[in-house]
Structure formats: structure tokens, C-alpha cells
Colleague: 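What follows is a structure written as C-alpha cells; I'll ask about it next.
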Amino acid sequence: MKYTTPLKIEEYMMIEIEPSFEPVVERWIEAVSRMMDKYTNRTLVADPADVTRYFNGDGKDVFFPDDILSITELKVGDEYGDNLVAVTGYGIYPKGGNEPVRQITLRSGSFTKGLQNIELKGKFGLFIETPADIELCATMLTAEIIKPSLPKVDTDIKSESIGNYSVTYTDIKSVPGSERFTQMLDPYKLITL
């Protein structure tokens, strides 16, 4: 999922991106969006298409999935996705609204203990549509990468090229002014113990 567009970046930077350079900017936007997900330890905005993920069962009747906004299908089976059977008798919490599902409870039985034996299909993410602050953060981060006057510090740069200028940062904290971006993303950060 891309959290901004070349048009939003043009508006923010008050420039016009050369059409032949837009595919490069699109790749940067995608990289920045993935970097934001990695920083927050979650998928911020759900992919428009349903996604299938596999989880480990622990033998209990309650399962705590990744952020999922809607469930299309739930299956339980043997290890590594063998002999999966669709489950219909389950409840979710919270029920309804625009908040991600935090837990799934089976009405009878349990999520069999095993590796990758729970298949969950649906819209994984914290939001269906990109919120304004996430979009702004992605726009600003990508704009920092586009700026031709970026300081080139070897320890912060993973790769660079000269033709049409290019730079790749090792992580979000390497981008100049990263404090702003981390402050914008910190409220969405998933802390795991």
C-alpha cells in the first residue's frame, strides 16, 4: 500500500515531477510506506484486496490476530496449513465499528496448538483509508528523499546513484529531520513484549 502520491508530493514541495521520473518516485513512495509500517510494527493501511496470513495456534479458545479490520474467512487445521477447515462459530472483539479486531473467540473448541495452523483472510491494517497525518508523514519523508540538496552522510546512506540523483536510507531515523517523522508515527507504534 502506498501512503501518498506523486501529486501530493508535488503540491507539498511546490514543484512538478518530470513524467519520466514518476516511476522512480512511485518506488520511493512504496519504500517509504513499507518503512513506516516497519517502524510502527504494523500495517497502517489495509490493502484493498483481501490478504491471507497464517498464525500459530496455542490450544486456547481465544486468538489475538494482527490488526484486521474485516474477516473474510477463518480456517483451522494441522501444522503448516494442512487439512484446513473453515470455522464459522466465532465471535470478535470489538464487534463492529472502524476499529481493528483485537481478539477472536471460538464458540466451541479451541485453536489447535500447532505451527502456522490458523489461516485468516481479510483486510489487515489499522485503517481502511490513509489518514491525513499518515499521508502527510509519507509525503514529507518522500520529499526529503527527493530533495537534491540532501546532506550525503555515508553512514546514513545505504546506496546512492548520480544520474537523476538517488539515495536510499537504511531506516527512517536516517532521514534528515527524522524526529518529526517519528513523533508523527509514535502514536501508531505497536509495542510488543
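Every value quoted in this text rests on a predicted model; they were computed, and no experiment measured them. Computed over heavy atoms, backbone and side chain alike; hydrogens, waters and symmetry mates excluded.
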Colleague: Would Asp37 and Arg42 pass as an ion pair if we require N to O under 4.0 Å?
Modeller: no
Colleague: Do Ile71 and Ile104 make a side-chain contact, defined as non-hydrogen atoms from C-beta onward lying under 4.5 Å apart?
Modeller: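 Sidechains of Ile104 and Ile71: in contact.
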Colleague: Does some side-chain heavy atom of Phe64 sit less than 4.5 Å from a side-chain heavy atom of Arg102?
Modeller: no
Colleague: If you count heavy atoms of other groups shown closer than 6.0 angstrom to CD of Glu11, is the number above 12?
Modeller: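 Above 12, so yes.
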Colleague: Looking at every heavy atom in both Gln103 and Thr105, which two are closest together, and how far apart are they?
Modeller: NE2-OG1, 3.7 Å
Colleague: Would a distance-only check, ignoring hydrogens and angles, find a side-chain to backbone donor-acceptor pair under 3.5 Å from Asn56 to Gln116?
Modeller: yes
Colleague: What distance separates Leu74 CG from Thr88 OG1, expressed to the nearest 0.5 Å?
Modeller: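 It is 9.5 Å, given to the nearest 0.5 Å.
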Colleague: Do Glu10 side-chain atoms and Ile17 backbone N/O form a donor-acceptor pair below 3.5 Å?
Modeller: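 Between the backbone of Ile17 and the side chain of Glu10 there is a qualifying donor-acceptor contact (under 3.5 Å).
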Colleague: Looking at side-chain heavy atoms only, is the closest gap between Ile9 and Thr4 below 4.5 Å?
Modeller: yes
Colleague: Does the plane of the ring in Tyr188 sit parallel, tilted or perpendicular to the ring in Phe127? Use 30° and 60° as the thresholds.
Modeller: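 Rings of Tyr188 and Phe127: perpendicular, as their planes differ by over 60°.
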Colleague: Closest heavy-atom contact between Phe181 and Glu144?
Modeller: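 Closest pair (atom of Phe181, atom of Glu144, distance): CZ-CG, 3.9 Å.
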Colleague: Measure across Tyr3 and Val45 and return the closest heavy-atom pair with its distance rounded to 0.1 Å.
Modeller: OH-N, 3.3 Å
Colleague: Does the Asn117 side chain pair with the main chain of Gly57, one donor and one acceptor, at a distance under 3.5 Å?
Modeller: yes
Colleague: Do Asp66 and Phe55 touch side chain to side chain, with heavy atoms closer than 4.5 Å?
Modeller: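 They are in side-chain contact.
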Colleague: Is a side-chain donor or acceptor of Asn41 paired with a backbone partner of Leu190 at a separation under 3.5 angstrom?
Modeller: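 At least one qualifying donor-acceptor pair exists.
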Colleague: Please examine the side chains of Met1 and Thr43, heavy atoms only from C-beta on, and report whether any two atoms are closer than 4.5 Å.
Modeller: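 Thr43 does not reach Met1 side chain to side chain.
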Colleague: Show your reasoning for whether side chain to side chain contact (heavy atoms under 4.5 Å, CB included) applies to Asp47 and Phe124.
Modeller: CA-CA 7 Å; Asp47 193 293; Phe124 286 92; over 6 Å; no
Colleague: Do Ile145 and Leu7 share a hydrophobic cluster, counting only Ile, Leu, Val, Met, Phe, Trp and Tyr and linking them when any side-chain heavy atoms are less than 4.5 Å apart?
Modeller: no
Colleague: Just verifying a value: how many Å separate Asp78 CG and Leu84 CG, rounded to the nearest 0.5 Å?
Modeller: 8.0 Å
Colleague: Would you say the side-chain atoms of Thr5 pair up with the backbone N or O of Lys8, donor to acceptor, closer than 3.5 Å?
Modeller: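 Confirmed, Thr5 side chain pairs with Lys8 backbone.
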Colleague: Minimum heavy-atom separation for Asp61 to Phe111, with atom names?
Modeller: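 Nearest heavy atoms, Asp61 then Phe111: O-CE1, 3.6 Å.
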Colleague: Which heavy atom of Glu79 sits nearest to which heavy atom of Gly114, and what is that distance?
Modeller: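 In terms of heavy atoms, the two residues are closest at OE2-CA, 3.6 Å.
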Colleague: State, without any angle test, whether Thr72 and Asp50 hold a side-chain donor-acceptor pair at a distance under 3.5 Å.
Modeller: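 Yes.
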Colleague: Going by heavy atoms in the side chains, are Thr112 and Ile118 under 4.5 Å from each other?
Modeller: no
Colleague: Please say yes or no: joined through hydrophobic side-chain contacts below 4.5 Å, possibly via intermediate residues, are Leu185 and Met35 part of one cluster?
Modeller: yes
Colleague: Would you call Ile68 and Pro100 a side-chain contact if the rule is heavy atoms closer than 4.5 Å?
Modeller: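 When only atoms from C-beta onward are counted, Pro100 and Ile68 do not touch, as no gap falls below 4.5 Å.
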Colleague: At their closest point, which heavy atom of Lys123 faces which heavy atom of Ala49, and how far apart are they?
Modeller: NZ-C, 3.8 Å
Colleague: Let me check something: do Val76 and Tyr90 share a hydrophobic cluster, defined by ILVMFWY side-chain heavy atoms less than 4.5 Å apart, either directly or through other members?
Modeller: yes
Colleague: State yes or no: do Val87 and Tyr54 share one hydrophobic cluster built from I, L, V, M, F, W and Y residues joined by side-chain heavy-atom distances below 4.5 Å, directly or via other members?
Modeller: no
Colleague: Does one hydrophobic cluster hold both Leu120 and Leu126, with members joined at side-chain heavy-atom distances below 4.5 Å?
Modeller: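 No, Leu120 does not connect to Leu126 through the hydrophobic network.
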Colleague: Are any of the side-chain heavy atoms of Tyr12 and Thr142 separated by less than 4.5 Å?
Modeller: no
